[in-house]
There are 2 protein chains.
Amino acid sequence: MPKLRLKPENASPPEALAPSESQLAIQAQFIELFVSAAGVLGVPRSIGEIYGVIFAAPQPLTFQEIVERLNLSKGSVSQGLRALRSLGAVRTAYVPGDRRDYFEPETELRNLVAGLLRDRINPHLEQASDRLGKVRQQVSAGQGLSSTEAEVLRSRVNKLESWRKKSALLLPLVAKVLG
Amino acid sequence: MPKLRLKPENASPPEALAPSESQLAIQAQFIELFVSAAGVLGVPRSIGEIYGVIFAAPQPLTFQEIVERLNLSKGSVSQGLRALRSLGAVRTAYVPGDRRDYFEPETELRNLVAGLLRDRINPHLEQASDRLGKVRQQVSAGQGLSSTEAEVLRSRVNKLESWRKKSALLLPLVAKVLG
DNA sequence: TAAGCTGTTTAGAAAAAAATGAACAAGCTT
DNA sequence: AAGCTTGTTCATTTTTTTCTAAACAGCTTA
């Protein structure tokens, strides 16, 4: 008989028992929810699954538990957890006398949104600011444009500038409402 | 000598002349900007290009002009324009005596954001509401949970509910600030 | 009604993104 | 130090998304 890949059940570390059937059903619902959210946010499905399974767990989960419950490869889980930590969406919890990492969810919307803004939105906004300056220059210097054309282009650049300002106004407001 | 694929230059329809060099440079800058924005929003690059080229043009563009300026296939442009129209990001402009469609950009941030919310966010929020009800039910009915575990899960569900409420609060506010 | 435009649809190719799995590092334990 | 355990890295494979090209539909004019 080949190796059966049994879990070592005797040396009892402090991890959760195998989830009951109803726990599994609940977990599945949570995961669905976050997978759908991942779709909206444009992040990989697996990241939604990982956050979901952590969010659905009453206690912090180990890396190994995440891998087993989701049937994902270690590689995917490792990468997914890295992304989630960088967003501040999961934290590691310390468990005395256990070398393994335990993961628990950040549940404050304010902090989750802040992470998204920091990691995904802000860098692009800054880059956009640079580009916008460049466009403005070129439009000013523009040769070979009829004056009405030049006028339209200037107004387009001004529109963009006003978008930028409104965004800059909006983001702090978002933070405030969520806090 | 094989066919040279000349544009018929004699029958002069009301479309713009070939853009000058500086117009091309300006156009390129605008396009870069919107391609980058497409990245943030998670829409295909080609859609960013199409919106960009329309935004950069002092006059409305024809389908054919978009195809030529971007070196995209007719298929991509057709699909991209459909998506942009569905978002309300481009409109068709009527030109008397011309059978072709002319495209011009929606430039009000308020309307652009409204389109995104309508097409991309709202459907997911509604779906999330449904799922959330389901989870709540299952957590209430949940067997095989210790009472502390059940307590944590209930609080997680409540968190989700509060996220939903805050989002519902936030979206109108966004509309207001942008208007 | 044939022939020419204008644009749409869609099967399949090409490109991009995501997931896997095997090698590897780092830390314990014996 | 040899052998676990825990997790990371990264080259490769798989899956998904995006783009293309060719057929086609609907008008308009000859």
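Below, each value reflects all heavy atoms present in this structure, side chains not excepted, and no hydrogens, waters or symmetry copies. Residue numbers start from 1 in every chain, and the chains themselves are labelled A, B, ... in the order their sequence lines are given, proteins ahead of strands.
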> Is any N or O donor-acceptor pair between the side chain of B/Arg99 and the base of C/dT6 shorter than 3.5 Å?
Replying inline: no
> Can you tell me how far P of C/dC5 sits from CD of B/Glu65, to the nearest Å?
Replying inline: 17 Å
> If you count the non-hydrogen atoms of other residues, nucleotides and ligands that lie under 6.0 Å from CZ in A/Arg131, is the total more than 12?
Replying inline: yes
>> Output the rounded distance in Å from CD (B/Gln64) to P (C/dG7).
In response: 8 Å
> Could you give the CZ-to-C1' distance, from B/Arg82 to C/dT9, as a whole number of Å?
Replying inline: 8 Å
>> Please compare A/Val77 and B/Leu81 by the position of their nearest nucleotide in DNA chain C and report the one closer to 5'.
In response: B/Leu81
> Counting side-chain heavy atoms from C-beta on, which of D/dC19, C/dT6, C/dT20 comes nearest to B/Arg100?
Replying inline: C/dT6
>> Side chain of A/Arg45 only, heavy atoms from C-beta on: which candidate in C/dA19, C/dG7, D/dT9 is closest?
In response: C/dA19
> C/dT9, C/dA19, D/dT8: which one has an atom nearest the side-chain heavy atoms of A/Arg85?
Replying inline: D/dT8
> Given atom CG of A/Leu72 and atom P of C/dG21, what is their separation to the nearest angstrom?
Replying inline: 11 Å
>> Can you tell me which nucleotide in D/dT8, C/dT20, C/dT10 comes closest to the side chain of B/Gln79?
In response: C/dT10
>> Looking at every heavy atom in both A/Arg154 and A/Val139, which two are closest together, and how far apart are they?
In response: CG-CG1, 4.0 Å
>> Please pick, from D/dT20, C/dT8, C/dA19, the nucleotide with the shortest atom-to-atom distance to any side-chain atom of A/Ser76.
In response: C/dA19
>> Parallel, tilted or perpendicular: which one describes the rings of B/Tyr51 and B/Phe34, with boundaries at 30° and 60°?
In response: perpendicular
